[in-house]
Number of protein chains: 2
Amino acid sequence: MISQTEENYLKALYNLTYLKGEASVNEISKRLEIKMPTVNSMMKKLSEKGLVHYESYKPLKLTEEGKKEAALIIRKHRLTEMYLVEKMGFAWDEVHQIAEQIEHIHSPEFFTKMDQLLGYPTVDPHGSPIPDHNGVMRSENYVFLDTCEIGNVVTLMAVQPSSKELLQYLNSKNLELGTTLTIHSIEPFDRSITVSYDKRSAEVLSSKVTATLLVRPIS
Amino acid sequence: MISQTEENYLKALYNLTYLKGEASVNEISKRLEIKMPTVNSMMKKLSEKGLVHYESYKPLKLTEEGKKEAALIIRKHRLTEMYLVEKMGFAWDEVHQIAEQIEHIHSPEFFTKMDQLLGYPTVDPHGSPIPDHNGVMRSENYVFLDTCEIGNVVTLMAVQPSSKELLQYLNSKNLELGTTLTIHSIEPFDRSITVSYDKRSAEVLSSKVTATLLVRPIS
DNA sequence: CTAGTAAGTTAGATTAAACTAACAAAATAT
DNA sequence: ATATTTTGTTAGTTTAATCTAACTTACTAG
Ligand SMILES: [Mn+2]
Ligand SMILES: [Mn+2]
Ligand SMILES: [Mn+2]
Ligand SMILES: [Mn+2]
């Protein structure tokens with residue numbers, strides 16, 4: 001049996017390793033706002049349970065089993081976020097904290113029902129992929145907007161990481177998933193870019209923003 | 001802050017005292033399947049927090065504050081059960097265990113939304129009243145079917161307690177809330193009663209069943 | 001290449017929530 | 001009225017999850 005606490009560690013480790021392939025005690029500590037010694041002993045415990053590869057002073061990795069468990073929790077999180085937005089009428093910036101709790105509900109029927117009612121969605125409201133029931137996550141080949149060049153036309157596919165503040169900022173700019181953006185200029189000094197979309201002809205996006213926007217190039 | 005564990009004790013105490021006005025350590029112990037010494041010290045802790053009136057060897061009572069907290073958890077439980085049945089398509093015998101978990105979610109917005117989407121329901125799928133947002137529970141003056149007499153015509157309003165097994169038994173007999181029953185005879189030996197309803201002319205209900213069915217007399 | 005800093009670990013303490021064993025009080029039965 | 005049983009309480013132990021303080025290892029900047 002995996003406790004709610006353990007589930008949160010697994011998820012943190014999964015998300016941290018998703019890009020780099022490994023993570024450190026320090027990073028989990030910061031992410032979860034839990035002191036390093038606590039993280040350290042939890043990693044040993046999860047290692048005992050066969051969910052984490054732990055060796056002193058080496059980077060942390062999830063085992064295959066740990067990866068699957070983590071992905072299934074993330075599945076519940078993202079299905080929940082989608083349900084809250086699509087079926088209950090919440091905005092995309094209101095759902096994360098609720099999903100953070102509901103992801104720990106033990107009830108396969110509950111999440112199966114959500115999945116059915118949603119028509120088996122593959123992405124959450126922030127564009128992140130929803131792992132399937134075996135914990136397999138499809139990887140899309142999107143690129144961050146800050147790697148694009150002048151003249152590129154791209155579609156906004158996902159926001160990552162999707163903090164509440166960022167989402168509210170995007171709301172204020174009417175920037176939604178699916179919006180098509182044309183890159184007009186890139187300021188060399190601070191890497192801010194000027195884009196047009198919908199009826200907006202010249203919106204400036206800072207590099208802090210463009211580093212979180214995943215897009216699919218059209219041209 | 002009230003922990004999930006504490007919430008379950010408060011709810012148990014509320015439900016046990018709902019009829020009799022008080023409850024014992026032993027009853028809570030049995031209800032929650034937790035040993036008496038554990039219940040005893042939890043009652044002391046909740047007393048420290050001002051939620052329970054605790055005095056050695058005296059019956060347990062909730063304080064006004066404890067009563068309100070408990071009712072608000074029960075509100076979340078029953079709203080959830082109603083949502084699961086009305087909006088997600090679960091059957092009335094499938095929702096209790098899920099609600100037992102979701103009742104502990106901390107998110108006023110989530111339950112407010114449920115309430116709105118349901119149109120501010122006043123009873124749960126088993127006919128039990130849903131406390132209002134101040135923790136006030138309307139008391140209906142229903143009577144148990146086993147207190148009725150031959151010739152009475154009654155409407156089934158609630159099932160209490162509503163175990164999964166009982167609900168499934170009622171399903172098998174096509175007995176739902178709102179069904180009108182006519183009492184034809186009462187067997188003195190075991191107090192089983194024979195009723196008719198819908199197209200069923202002579203169903204026999206044991207006293208174990210009739211002691212759980214709350215009805216409103218029509219005649 | 002060493003000195004200093006950052007990261008990781010160990011040891012020991014704390015709190016919450018459970019338990020068993022033993023004892024005390026209250027209720028019940030003879 | 002006393003003996004027995006049930007209920008309630010106290011004391012002490014365990015496990016999970018956190019912390020701080022102190023120490024060790026690894027990384028990094030001169
Ligand atoms: Mn989220
Ligand atoms: Mn969580
Ligand atoms: Mn219930
Ligand atoms: Mn519960």
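Values in this document were obtained by computation on a predicted structure and should not be read as measured data. Side chains included, hydrogens not; waters and symmetry mates left out as well; all remaining heavy atoms used. Each chain gets a letter, A, B and so on, in the order the sequences are listed, and its residues count up from 1.
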Before you tell me yes or no, could you show the steps for B:His126 and B:Gln160 under side-chain hydrogen bond (donor to acceptor under 3.5 Å, both in side chains), namely the whole-Å CA-CA distance, both residues' side-chain angles and the distance that decides it to 0.1 Å? CA-CA 8 Å; B:His126 316 110; B:Gln160 200 176 53; over 6 Å; no
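- Computed from coordinates, the A:Met1 CE to D:dA16 C1' distance equals 15 Å when rounded to whole Å.
- For B:Lys44 and A:Ile34, each mapped to the nucleotide of DNA chain D holding its nearest heavy atom, the one lying further toward the 5' end belongs to B:Lys44.
- Among D:dT10, D:dA17, C:dG8, the nucleotide with an atom closest to any side-chain atom of B:Asn40 is D:dT10.
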Between the protein and nucleotides 21-26 of chain C, list the N/O to N/O atom pairs that are separated by less than 3.5 angstrom.
unit_1, atom_1, unit_2, atom_2, d
C:dA25, O4', B:Tyr57, OH, 3.4

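- Between B:Leu51 and B:Leu10 the shortest side-chain heavy-atom distance falls below 4.5 Å.
- The CG-P distance, from B:Leu60 to D:dT7, rounds to 14 Å in whole Å.
- B:Glu27 has its CD atom 9 Å from the P atom of D:dT7, to the nearest Å.
- Ring-centre distance between A:His77 and A:His96: below the 6.0 Å cut-off.
- Residue B:Ser24 is classed as a sugar-phosphate contact, given heavy-atom separations below 4.0 Å to backbone atoms only.
- Of the side-chain N and O atoms in B:Tyr54, one or more sit less than 4.0 angstrom from OP1 or OP2 of D:dT9.
- Base engagement by B:Thr38 is indicated by at least one non-hydrogen atom pair under 4.0 Å involving a base atom.
- With C:dG8, D:dA17, D:dG8 as the candidates, the nucleotide lying closest to the side chain of B:Asn26 is D:dG8.
- Distance A:Met43 CE to C:dT10 P: 15 Å, rounded to the nearest Å.
- When rounded to the nearest whole Å, the span between CD of B:Glu7 and P of C:dA16 equals 16 Å.
- Atom NE2 in B:His104 sits roughly 15 Å away from atom C1' in C:dA17 (whole-Å rounding).
- Closest of all the heavy-atom pairs between B:Cys148 and B:Val215 is SG-CG2, 3.8 Å.
- Checked against B:Leu79 for a side chain to side chain contact (heavy atoms under 4.5 Å, CB included), the options B:Ile130, B:Asp124, B:Thr112 give a single hit: B:Ile130.
- Per the geometry, CE belonging to A:Met36 stands 14 Å off P belonging to D:dA21, to the nearest Å.
- Put simply, CG on A:Leu32 is 9 Å from P on D:dT18, counting in whole angstrom units.
- Side-chain atoms of B:Lys35 lie closest to C:dC19 of the nucleotides D:dG8, C:dC19, C:dA7.
- The salt bridge (charged side-chain N to carboxylate O under 4.0 Å, His left out) contacts involving residues 7-28 of chain A comprise A:Lys11-A:Glu100, A:Lys11-A:Glu103, A:Lys20-A:Glu27, where partners must be two or more places apart or lie in separate chains.
- In this structure, A:Ser3 reaches the sugar-phosphate backbone alone: every heavy-atom distance under 4.0 Å involves primed, P, OP1 or OP2 atoms, never a base.
- Both tests hold for B:Lys113 against A:Phe90: distance to the six-membered ring centre under 6.0 Å, angle to the ring axis within 45°.
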